[in-house]
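Here the structure comes first, spelled out in structure tokens, and everything after it is commentary.
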Amino acid sequence: MSTAIRKFQEKIFAFYRRQGRDLPWRRTTDPYRILVSEIMLQQTQVERVIPFYERWLERWDSVDALAGASLQEVLEQWMGLGYNNRAMRLLETAKRITADYAGDVLAACREYRNLPGVGEYTSRAVRIFAANENLAAVDTNIRRILMAEFSLQNPSTADLRQLAERCLPIGRSRDWHNALMDYGALHLTAAKSGISPVSRQGKFAGSVRQLRAEILRELLQKGQLPCQYFEGDERFPAALRGLLREGLCRREDNMLFIPK
DNA sequence: ATCCAGATGA
DNA sequence: TCATCAGGAT
């Protein structure tokens with residue numbers, strides 16, 4: 001273990017002792033609850049997730065309970081959090097964990113490719129925060145911190161993962177990752193660091209996207225939005241966006257009419 | 001417009 | 001690799 005890495009660890013832990021956040025999902029090691037938090041936190045700020053997280057667990061307090069929910073219920077509960085496909089995938093993942101892993105979230109996460117919506121980062125995060133496993137996870141915060149700390153310009157995913165593993169204090173994985181998150185979110189923010197995140201902005205981000213969101217939210221609130229893609233077309237979202245943009249989609253009686 | 005504890009399909 | 005994802009706040 002190099003001196004540079006040791007000093008890096010001490011800096012991060014020192015910050016954490018002073019300014020570490022007390023967040024709802026840090027008060028539990030229940031893998032199900034950690035999973036719910038991680039899915040909700042994908043591309044979504046902590047402050048916005050908190051009320052949704054609390055409400056969600058009030059309704060479904062176990063993976064088995066969630067697995068028994070309907071898609072309609074799940075989408076209603078998710079409404080307002082954004083990127084709703086996460087909710088659909090979380091429901092499907094809960095069903096698979098219940099059916100194929102006897103409800104063992106941790107075991108399922110070790111084979112995360114069977115779980116829709118759970119990728120490299122999320123699977124590791126669950127294992128780290130729920131079981132303190134000695135793994136390194138790299139999210140947008142940690143990526144930014146590593147780039148700044150080690151003066152990296154354009155690191156590959158593999159480089160970052162390898163570096164993150166070398167920095168991991170064995171036996172303190174959970175605290176270490178919590179500390180990194182806080183350092184990245186509160187101290188070395190994206191704006192302050194000048195390091196841009198990986199995720200790109202689609203070409204069509206903006207007003208069209210918001211219009212789509214408004215219409216969909218209204219329909220779902222009134223219970224008039226089918227909880228499946230229109231006409232069974234899995235490309236509905238992209239299709240709707242394009243149609244709205246071209247003015248080819250019309251609304252009548254709170255329903256969308258999409259020409260085929 | 002950018003960013004946000006990303007994942008997915010092409 | 002890249003845009004897209006039934007977003008939303010700043």
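Letters A, B, ... are given to chains in the order of the sequence lines, protein chains preceding strands, and every chain is numbered from 1.
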Is the cationic atom of A/Arg110 (NZ for Lys, CZ for Arg) positioned less than 6.0 Å from the six-membered ring centroid of A/Tyr101 and within 45 degrees of its normal?
no
Row check, A/Phe52 ring normal vs A/Arg55 NZ/CZ: under 6.0 Å, within 45°:
yes
Regarding [X], tell me which of base, sugar-phosphate or nothing describes its non-hydrogen contacts under 4.0 Å with the strands shown.
X        : value
A/Trp25  : base
A/Glu120 : sugar-phosphate
A/Leu115 : sugar-phosphate
A/Val118 : sugar-phosphate
A/Arg143 : nothing

Let me confirm one number: the [atom1]-[atom2] distance from [X] to [Y], rounded to the nearest 0.5 Å.
X        : Y        : atom1 : atom2 : result
A/Arg166 : A/Leu146 : CZ    : CG    : 10.5 Å
A/Arg127 : A/Leu135 : CZ    : CG    : 4.5 Å
A/Leu35  : A/Met40  : CG    : CE    : 10.0 Å

Contact check, residues 123-131 of chain A vs DNA chain C, heavy-atom distance under 4.0 Å, returns none
OP1 or OP2 of [N] under 4.0 Å from side-chain N/O of [X]:
X        : N     : answer
A/Thr122 : B/dA7 : yes
A/Thr140 : B/dC4 : yes
A/Arg144 : B/dC4 : yes

Note: for A/Arg26 and A/Arg113 on DNA chain B, the residue whose nearest nucleotide lies more 5' is A/Arg26
Polar side chain donor-acceptor pair, A/Glu38 to A/Tyr121, under 3.5 angstrom
yes
Taking every non-hydrogen atom, the tightest pair across A/Asn132 and A/Arg172:
OD1-C, 3.9 Å
Between A/Gln9 and A/Pro169, the two heavy atoms sitting closest are NE2-N, 3.6 Å
With rounding to the closest Å, how many angstrom separate the C1' atoms on C/dT1 and B/dA5?
24 Å
Can you tell me how far P in B/dA10 sits from the matching atom in C/dA6, rounded to whole Å?
14 Å
Nearest whole angstrom, please: distance from the [atom2] of [N] to the [atom1] of [X].
X        : N     : atom1 : atom2 : result
A/Leu75  : C/dA6 : CG    : P     : 10 Å
A/Arg48  : B/dT2 : CZ    : C1'   : 14 Å
A/Tyr83  : C/dA6 : OH    : C1'   : 12 Å
A/Arg89  : B/dG6 : CZ    : C1'   : 10 Å
A/Leu81  : C/dC5 : CG    : P     : 17 Å
A/Asn141 : B/dC3 : CG    : P     : 13 Å
A/Leu188 : B/dA5 : CG    : C1'   : 15 Å
A/Ile50  : B/dA5 : CD1   : C1'   : 12 Å

Can you sort out which residues in residues 167-185 of chain A have a heavy atom within less than 4.0 Å of DNA chain B? Ascending by number, please.
A/Met181
Can a donor-acceptor pair under 3.5 Å be found between the side-chain atoms of A/Tyr121 and the base atoms of B/dG6?
no
Under 30°, 30 to 60°, or over 60°: which ring-plane class applies to A/Phe15 and A/His187, parallel, tilted or perpendicular?
tilted
Which one of A/Arg27, A/Arg33, A/Arg26 satisfies the salt bridge (charged side-chain N to carboxylate O under 4.0 Å, His left out) criterion with A/Asp30?
A/Arg33
Salt-bridge present (A/Glu120, A/Arg124; N to O < 4.0 Å):
yes
How would you label the glycosidic angle of B/dA5: syn (within 90° of 0) or anti?
syn
